[in-house]
Amino acid sequence: MAKFRRRTCIILSLFILFIFSLMMGLKMLRPNKATFRVPFGLDLLPEIRQETPHLVKTFDSQKSDTINSETNFKNLKSDEITVKLSKASEPNMEEKPPLNYFLHVFYYSWYGNPQFDGKYIHWNHPILKHWDLRLTKNYSQGKHNPPDDIGSSFYPELGSYSSRDPSVIETHMKQMYSASIGVLALSWYPPNSNDENGQPTDDLVPTILDKAHKYNLKVTFHIEPYKNRDEQNMYTNVKYIIDKYGNHPAFYRYKTETGKALPMFYVYDSYITTPEKWANLLTSSGSRSIRNSPYDALFIALLVDSKHRYEILRGGFDGIYTYFATNGFTYGSSYENWAKLKYFCDQYNLIFIPSVGPGYIDTSIRPWNTQNTRNRINGKYYETALSAALQAQPSIISITSFNEWHEGTQIEKAVPKRTSNTVYLDYRPHKPSLYLELTRKWSEKYRKERAAYALDPQLPLF
């Protein structure tokens with residue numbers, strides 16, 4: 001009996017040793033960086049909600065808790081805290097990600113600070129009044145007071161920077177490069193012109209082109225609704241842009257089906273000019289026609305309302321874009337309409353460019369506009385928009401935006417910051433580079449999918 005017990009103990013010990021050795025061997029075979037599942041939020045996309053498109057949505061009380069979480073907290077009696085990003089998270093230029101020249105991002109060069117501009121520009125954006133003066137009384141008035149109080153619900157990693165700072169431009173190009181974005185659409189006003197809160201910035205274009213070229217990026221122009229914009233001065237300004245910048249290697253051209261490589265111009269708020277006036281410039285029989293001239297180009301109109309489709313056709317435009325990053329805010333920005341818009345564009349040989357964004361919050365400058373806030377949901381809102389855009393099989397996708405901080409649509413790096421009066425939003429629990437990384441992921445996906453469908457005849461998508 002004693003021998004039997006000893007034999008049993010020996011066998012049991014050997015079996016346990018065998019199991020332990022097997023487990024250790026399997027552990028050694030698993031890669032060091034393996035995880036049991038994909039990090040939360042990077043591959044689980046919520047279904048696209050069906051929304052009725054109109055300009056001013058009724059506030060959804062069921063989402064009020066979510067929207068409130070995207071609003072700054074005021075009157076917090078605490079010391080200022082600013083978290084800086086470690087150098088380890090800077091893009092590794094050795095990786096050289098493939099750039100996607102069918103992925104465009106809207107870029108703004110209107111920011112200024114005392115070091116480079118003698119004063120703060122745009123960071124001190126005024127708080128805009130509601131058109132109903134009775135509601136205006138309920139909100140703060142005046143301007144923001146940088147550097148700690150800026151006209152944004154998020155705070156840039158670069159601080160209240162100047163768009164004239166060469167190192168800032170360089171960093172922006174690095175970030176776009178790291179995100180596999182191929183083209184930046186530069187917000188543009190004619191020389192000696194500017195928006196009501198800014199200063200002229202046309203003199204920055206050469207530096208932006210040079211820095212973009214360093215990273216193989218291309219630059220196209222997003223023509224803003226400057227004062228008295230019409231077909232006459234549009235011809236003059238397009239000629240100016242092409243004459244002055246058209247020979248730069250970073251100047252963007254799009255190859256059409258006919259084989260021509262033409263400049264492209266996004267035209268913001270194109271609908272405020274009548275189709276008849278646009279036709280003078282954009283049709284071959286127009287009185288100020290730019291067609292078949294050295295200054296011919298692709299002109300992309302902003303579509304807000306459904307009726308704009310036929311106005312854009314009559315005006316002679318080459319395509320449409322949707323700009324706004326708020327799903328449901330306009331007909332054009334509503335994901336549910338993108339398949340129909342793509343089909344319409346295919347019928348009339350137009351380029352369809354849906355605009356996607358990571359979220360929207362402009363309550364730092366329009367405190368009465370909470371109904372249009374769109375929570376980022378740790379990147380899921382952005383991925384939902386990108387997924388919807390890819391389903392429409394567009395020729396180009398545009399991103400709103402790289403750095404429109406006032407409306408909270410930026411994919412530029414943001415950091416946590418707290419002052420005695422404000423807690424800024426940030427991208428935690430993720431890194432400041434979250435939206436650059438997501439852009440790179442979807443850029444590659446779009447590049448592969450586009451390579452497949454662009455060669456095939458387009459089919460109706462609805």
Side-chain angles (χ1 to χ4, degrees), residues 67-68 70-82 106-165 168 172 187-189 192-201 204 224-227 268-269 324-326 359-373 400-410 412 414-426:
I67 290 173
N68 287 338
E70 290 276 341
T71 306
N72 292 350
F73 298 96
K74 300 294 182 179
N75 301 320
L76 292 171
K77 305 299 182 181
S78 58
D79 295 331
E80 176 183 335
I81 301 173
T82 304
F106 295 112
Y107 181 70
Y108 295 88
S109 60
W110 57 24
Y111 300 103
N113 63 24
Q115 181 182 357
F116 286 88
D117 307 88
K119 60 181 179 180
Y120 285 107
I121 303 171
H122 263 275
W123 299 118
N124 61 344
H125 199 290
I127 298 172
L128 302 176
K129 295 180 180 180
H130 194 278
W131 50 84
D132 185 342
L133 295 180
R134 291 172 299 178
L135 292 177
T136 297
K137 301 176 191 175
N138 300 328
Y139 302 101
S140 302
Q141 304 296 310
K143 287 188 171 186
H144 288 277
N145 185 27
D148 294 330
D149 171 25
I150 64 172
S152 173
S153 294
F154 294 85
Y155 202 86
E157 182 188 59
L158 298 176
S160 48
Y161 58 75
S162 170
S163 296
R164 294 184 176 278
D165 184 345
V168 166
H172 285 170
S187 172
W188 187 83
Y189 285 84
N192 304 315
S193 300
N194 53 269
D195 71 284
E196 59 186 4
N197 297 299
Q199 302 254 331
T201 57
L204 292 177
E224 299 284 359
Y226 56 83
K227 187 176 181 181
Y268 189 72
D269 279 358
F324 298 105
T326 303
Y360 187 93
I361 180 167
D362 65 357
T363 51
S364 66
I365 62 169
R366 300 182 188 99
W368 35 265
N369 195 35
T370 55
Q371 71 269 19
N372 284 313
T373 294
T400 306
S401 62
F402 181 79
N403 64 338
E404 218 296 9
W405 289 91
H406 305 311
E407 296 182 344
T409 62
Q410 79 290 335
E412 183 183 356
V415 292
K417 184 177 175 69
R418 177 192 300 245
T419 71
S420 59
N421 296 316
T422 306
V423 172
Y424 288 92
L425 301 173
D426 55 68

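- Closest of all the heavy-atom pairs between Y424 and S152 is CE2-O, 3.3 Å.
- Heavy-atom minimum distance, S109 versus S187: OG-O, 4.5 Å.
- N113 places a side-chain N or O within 3.5 Å of a backbone atom of S160 that can act as its donor or acceptor partner.
- A salt bridge is absent between K417 and D426: the closest approach of a Lys/Arg side-chain nitrogen to an acidic carboxylate oxygen does not fall below 4.0 angstrom.
- Taking the six-membered ring for Trp and the full ring otherwise, H172 and Y107 have centroids separated by under 6.0 Å.
- Without hydrogens or angle criteria, N403 side chain to Y108 main chain gives a donor-acceptor distance under 3.5 Å.
- Between F154 and W405, the distance from one ring center to the other does not fall under 6.0 angstrom.
- Remark: the backbone N or O of T422 is paired with a side-chain donor or acceptor of T419 at under 3.5 angstrom.
- Looking only at distances, a side-chain donor or acceptor of S401 sits under 3.5 Å from a matching main-chain atom of E404.
- Across every non-hydrogen atom of D362 and Y360, the tightest pair is OD2-OH, 2.8 Å.
- Legend: residues meeting side-chain contact (heavy atoms from CB on, under 4.5 Å) with N194, ordered by chain and number and at least two apart, are P200.
- Atom CD1 in I150 sits 11.5 Å away from atom CD1 in I365 (nearest 0.5 Å).
- Atom OG of S153 sits about 9.0 Å away from atom CD of Q410, to the nearest 0.5 Å.
- Relative ring orientation between H406 and Y111 is described as tilted, the plane-to-plane angle lying within the 30° to 60° band.
- Separation of the W188 and Y226 ring centroids does not fall under the 6.0 Å cut-off.
- P367 approaches I127 most closely through the heavy-atom pair CD-CG2, 3.6 Å.
- Taking both residues in full, the closest heavy atoms of T363 and T370 are given as CG2-CG2, 3.7 Å, listed atom of the first, atom of the second, then distance.
- Ring-centre distance between Y161 and H122: not below the 6.0 Å cut-off.
- Between the Y155 side chain and the V423 main chain, no donor and acceptor come within less than 3.5 Å of each other.
- Surrounding CG of D132 are more than 12 heavy atoms belonging to other residues, nucleotides or ligands, all under 6.0 Å away.
- A donor-acceptor pair under 3.5 Å is absent between the side-chain atoms of D117 and the main chain of K119, judged by distance alone.
- Considering all non-hydrogen atoms of both residues, G359 and T409 come closest at O-CG2, 3.5 Å.
- For H144 (side chain) and S364 (main-chain N/O), a donor-acceptor pair under 3.5 Å exists by modelled atom type.
- Residue R164 holds its CZ atom at 7.0 Å from CD1 of I121, rounded to the nearest 0.5 Å.
- For Y189, the ring pair (Phe, Tyr, Trp, His ring centres under 6.0 Å) criterion is met by no residue, not counting sequence neighbours.
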